[in-house]
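So you know, we letter chains A, B, ... as the sequences are listed, proteins then strands, and number each from 1. Here the structure is a predicted model, which is why all the values come from computation and not from measurement.
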Number of protein chains: 2
Amino acid sequence: MAATDDSLRKSLADKQAAVDAQGNAVRALKAAGAPKPDIDAAIETLNALKLEKTSIERSLIGGSDTREAFRQAVVNTLERRLFYIPSFKIYRGVAGLFDYGPPGCAVKSNVLSFWRQHFVLEENMLEVDCPCVTPEVVLKASGHVDKFTDLMVKDEKTGTCYRADHLLKDFCNEKLQRDLALSSDKVSELKHVLATLDDLSAEELGAKIKEYEIVAPETKNALSDPYPFNLMFQTSIGPSGLSPGFMRPETAQGIFVNFKDLYYYNGNKLPFAAAQIGQAFRNEISPRQGLLRVREFTLAEIEHFVDPQDKSHPKYAEVADLEFLMFPREQQMSAQSAKRIPLRDAVSKGIVNNETLGYFIGRVYLFLTRLGIDKERLRFRQHLANEMAHYAADCWDAEIECSYGWIECVGIADRSAYDLRAHTDKSGVALVAQEKFSEPKEVEKLVITPVKKELGLAFKGNQRMVVEALEAMPEKEALDMKAALESKGEVEFEVCTLGKNVTIKKNMVTIQKEIKKEHQRVFTPSVIEPSFGIGRIIYCLFEHTFYTRPSKAGDEQLNVFRFPPLVAPIKCTVFPLVQNQKYEEVAKLISKSLTAAGISHKIDTTGTSIGKRYARTDELGVPFAITVDSTSSVTIRERDSKDQVRVDVEKAAIVVKEVTDGHRTWEDVWSTFPHHSSTSADD
Amino acid sequence: MAATDDSLRKSLADKQAAVDAQGNAVRALKAAGAPKPDIDAAIETLNALKLEKTSIERSLIGGSDTREAFRQAVVNTLERRLFYIPSFKIYRGVAGLFDYGPPGCAVKSNVLSFWRQHFVLEENMLEVDCPCVTPEVVLKASGHVDKFTDLMVKDEKTGTCYRADHLLKDFCNEKLQRDLALSSDKVSELKHVLATLDDLSAEELGAKIKEYEIVAPETKNALSDPYPFNLMFQTSIGPSGLSPGFMRPETAQGIFVNFKDLYYYNGNKLPFAAAQIGQAFRNEISPRQGLLRVREFTLAEIEHFVDPQDKSHPKYAEVADLEFLMFPREQQMSAQSAKRIPLRDAVSKGIVNNETLGYFIGRVYLFLTRLGIDKERLRFRQHLANEMAHYAADCWDAEIECSYGWIECVGIADRSAYDLRAHTDKSGVALVAQEKFSEPKEVEKLVITPVKKELGLAFKGNQRMVVEALEAMPEKEALDMKAALESKGEVEFEVCTLGKNVTIKKNMVTIQKEIKKEHQRVFTPSVIEPSFGIGRIIYCLFEHTFYTRPSKAGDEQLNVFRFPPLVAPIKCTVFPLVQNQKYEEVAKLISKSLTAAGISHKIDTTGTSIGKRYARTDELGVPFAITVDSTSSVTIRERDSKDQVRVDVEKAAIVVKEVTDGHRTWEDVWSTFPHHSSTSADD
């Protein structure tokens, strides 16, 4: 949509230039005392140009209005049919908290089942389930206690809090969308601010807010300087008040701290993946974007542990032929747009860092599109260098386009050995893997041997600290010391634990290279992490599957969710055509067969017209409807085509099972059974 | 086990009396100068009696030791095979927090799927999914902010916290188990304390702790007086620090606050049930009982809303014929034990309050026993009057016996209209249902009509407050006012919103009974709540399915979990008999068929002996093992019988699918296929 905006803005500038030119022409004609018909003709042209310009302006503004209207239609349907409910609504709710009502809950449960099937079972992953309550030490090690913050500003009078970057972003977007007189320099400047928003320091953000004279949106009061706010919900574990804890901001840490046990469980073999589905929490400063930015959400995360020297993947070939929209770093930097790239090329050309990362990108693509996400509104965007953590080897986001723009729904990152190292350091437990050599290898190693007797004589009670400091020297420092001792006989050496320098003499330590036999290599595995925001995926799915169509009478628009059977909250509805005991008994019979076949369904025996009942079921995205209009055969209707076939009562449940399980297509059903054209005033 | 303890204690008392009597006899013989053989014989008898006494003492102490040893064996296996992992183990863990490792996670996921199938789908319940973070107002209304507390005592020197009732309970149990010289009066007293533990006030608990001189278990320091500690994890929502929130202690409140929407979703019809599966939190003072008492756990809760005037259930007949251990209030009060009662009798005799409650008790029985809970160690215990909340109509716990005693795993309560009323009062939103009358009914109603003109003249700007206060008068007060106005012409009337009394005159209000036609009845539904502690059920399941058997060589005990296929973490393992490419290819082929059939399984291609591999798989509770020992046919082994049949390669996956899905019994497989007797040194 950004591209469309750009081209509209270009036309607008062209048109403005034409208007200006024509205006000048009119003025010139008048000044020259040209004949009236000539002047009138020139004015008419001018007016026509002005009208065209207004029309472009309308489109430019209207684009976002249309998106707003579409979103409103989706959200209204979702809330009215209880896909979602603002949590604690009777108490006026809490921003950023939503309930899944019955159909939403069913969709979520279907998405999670499929996730488990597609990733955990298919790849034999080790699924774990860890608590949300997490002690401080774990999140201190992971960096969340220090760095999981957003910059906040306060309304200086009322104390209301805002995210500083959001206010700046809103300001820029508003300007770009509504201020049509912006110079192209100003447009570039604002676009640059938007592009670098995530990089701005507290000081830089504060400076921009001052420069643009941004004030509190509701009160127009002045704003404080930006300062960091930690986004974790804090709590206290146990009654003492001495054990701070947090509600986890991600599920990943629960997996990392268990690496040692999981590696053992996997027979001490790499690669393997662990997975976890669970709640995560983020105490947003002021949640916006409705269902996309919430304070509690379900994450599904995979941590795939690999040998950093071998990031190939045995099943890579199964996805290598896929081709889809990718948006590599280079294209973003040179202001190009995303383009279709065969995954095989992206990996072989090194655009995607390694095979395993590529494998997961491909699997994520299959997962999302099978759920019903539109291929054309899904792209894989590579993180820019400034977006990635310093330790990350590469990172791609699966972004889905919806009315809010391109939304990050899955992050697929090669986090190198960062997390395992951080927990090794903090806990003192080595989270490492071993590669046993088939034959022992001879390795040249630098060996530092402190001479304890001499050190003891020289340093008495401080001996141990000096010994430890010597042994802990990095190779480079040790080689320097060796050289210094050989040339000068002694050297000054800083012992951190003593807080001072000591003099090391030649007889106090031997430093030399030795050839050692090694039987194994010990290393910290790299981790490749696909992390799924389940709620965001579901919301985008709702937008991608929603459409409206006129009712048969043409007097109203009916809402439909085009859910694939895989995610549809209910697979089938059963309607007796009229309220009548015989038909209701047939309906109950079919219901029993559907239950036995494990097909979730609903009977609707209300006396409402069949058309209204179809509309009701379409709005829940139910793919099939069985209408009982005789005791021997029934009709099965497909939601999107509204086509109906006639099937024997005994076969109805089986046919529905086959199409919902994907063992048979609707086209096949359509060509097998007699067609039924509805004579009732339905759809 | 309590019964066994009692009878042993009785024997011990008898034996002690016999020893005492014989001791007296010996002393009497000696005093009387009886002949030595007589004295010797008497002493021999005395010694024999003493030996018998010692043996009884050993049994009495041994009962609990055996339970401890059994539990240790189960827990060791669970931890070694990663069913559970103490959370954040590398940081020395946090009491009361556990992870489910891969097999535990699979068992949990199977239990939850079956729960959803057995309750939600089977009964067309409305499943919802609400956040864990809950604002204070909701939990204030539910009573949790004020009453969800445990009494705590502190070590006066170290500040370590303990649950006061636990210390008292431990003291009593320890005394009863270890102090064999207790008088029967003392035994009764201690048993009485144990029985009434839940009723004791802070003062009473404190008094008992003083009386028994109970001190801090580790330090033997004195303890503080007991005081209440709220068990909810507290946090703060948003950045302001002004919105306190809690991690929900149960999932039920999320359903109650949504009653209005859910009732509408159900077509404004009763009865209906809503259900929710999710995490709940309880900040235990000092968690004990390992996996049974934890700080974060998964609850599965059902709130079944009914008309309080009609608690029948349409499907009650389907469970009425069940018969199982029930422990009604009366039996508990008269110190009898639980007994088998047909559910139909319990309901018809009014032991169980109503049909709907009875229906759920029956469904819970079916759920638990199908999971593999031992029928003989499952009982439904009715709450005593003092255990129930004042508003509850009736309450039954499904208790499962394990090494910790009888553990409450499911609570099934008729909570009447309490919760909906509490939220109606607090939120001002009427959470009610309507029953439309087929014909309007005539009802006599008291109608209060303020005369606004007169009130306006008299009270000017305060008119509205007076009008509202008059309209809000309860019937009794209005009738008193009517009488007073008629006799005295005026009356003093307190207007709370004005904070003062006003004088109401006869011309300012009319109060009279009128006959009104009513078209519907408006009422607050009752709620029947089955609430499942999923973690507790799973732990008891582990104990009930665990057993050991000797290895073939008889040199060690092998562990087995007797999981039904429904809950087994993996349904099948595939072993190539020896490491050999041909066999491994067959194994892969079978694995593919198993994946296609949706059967979770694992291939074990390690070179370990087949016996060891069977032992490994038994310890994970895998019900079936396919061993590839040729390229045309394979063997299928059933875990508990260790019987093996020989099946064609192509049929292997189908047979396993049939038995794991429950469409075929192992007995049937056993009688259909040729038997295979293992010749390898396996089991």
With only heavy atoms counted, which part of [X] is less than 4.5 Å from chain A, the side chain, the backbone, both or neither?
X	result
Val257(B)	both
Ile237(B)	both
Phe259(B)	neither
Asp261(B)	both
His601(B)	backbone
Glu284(B)	backbone
Pro103(B)	both

Segment of [X] engaging chain B (4.5 angstrom heavy-atom cut-off):
X	result
Val94(A)	side chain
Phe246(A)	neither
Leu126(A)	both
Lys426(A)	both
Phe229(A)	side chain
Val128(A)	both

Practice problem: Under the ring-ring contact (aromatic ring centres under 6.0 Å, His included) rule, collect the residues that match up with Tyr84(B), sequence neighbours excluded. | Solution: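 For Tyr84(B), the residues satisfying ring-ring contact (aromatic ring centres under 6.0 Å, His included) (neighbours in sequence not counted) are Tyr100(B), Phe542(B).
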[X] side chain near [Y] side chain, heavy-atom distance below 4.5 Å:
X	Y	value
Phe98(A)	Pro131(B)	no
Asp99(B)	Asp129(A)	no
Cys105(A)	Glu127(B)	yes
Phe233(A)	Met247(B)	no

Self-check item: Steps toward side-chain contact (heavy atoms from CB on, under 4.5 Å) verdict (Tyr91(B), His423(A))
Solution: CA-CA 9 Å; Tyr91(B) 293 103; His423(A) 286 296; 2.7 Å; yes
Quiz prompt | Test side-chain contact (heavy atoms from CB on, under 4.5 Å) applied to Cys132(A) and Phe281(B), step by step | solution = CA-CA 9 Å; Cys132(A) 301; Phe281(B) 303 81; 4.1 Å; yes
Under a 4.5 Å cutoff for heavy-atom pairs, which residue among [options] has the most contacts with chain A?
options	result
Thr595(B), Thr134(B), Leu121(B), Leu431(B)	Thr134(B)
Met152(B), Arg295(B), Gln117(B)	Arg295(B)
Ile90(B), Ile85(B), Leu262(B), Val429(B)	Ile90(B)

Exercise. Go through Arg116(A) and Ser109(B) one step at a time and tell me if the side-chain contact (heavy atoms from CB on, under 4.5 Å) criterion holds.
Key: CA-CA 10 Å; Arg116(A) 206 170 248 138; Ser109(B) 159; 3.7 Å; yes
Self-check item: Gap separating the CG atom of Leu97(B) from the SG atom of Cys130(A), nearest 0.5 angstrom
Solution: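 Answer for the CG-SG pair, Leu97(B) versus Cys130(A), is 10.5 Å.
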Quiz item: NZ/Lys89(B) to NZ/Lys260(A) distance, rounded to the nearest 0.5 angstrom?
Solution: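 Those atoms lie 8.0 Å apart.
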Quiz item: So, does Glu296(B) use its side chain to make a donor-acceptor pair with the main chain of Val133(A) at under 3.5 Å?
Solution: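 Indeed, once roles are kept as given, a pair shorter than 3.5 Å links the two residues.
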Looking at [X], I want to see if its [atom1] is surrounded by more than 12 non-hydrogen atoms of other residues, nucleotides or ligands under 6.0 Å.
X	atom1	result
Lys588(A)	NZ	no
Tyr264(B)	OH	no
Lys315(B)	NZ	yes

Quiz item: Within 45 degrees of the axis of the six-membered ring of Tyr265(A) and under 6.0 Å from its centre: does Lys602(B) put its NZ or CZ there?
Solution: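 Checked: cation-pi criterion met.
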Exercise. Would you list the pairs meeting side-chain hydrogen bond (donor to acceptor under 3.5 Å, both in side chains) in which at least one residue belongs to residues 230-241 of chain B, sequence neighbours left out?
Key: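 For residues 230-241 of chain B: none.
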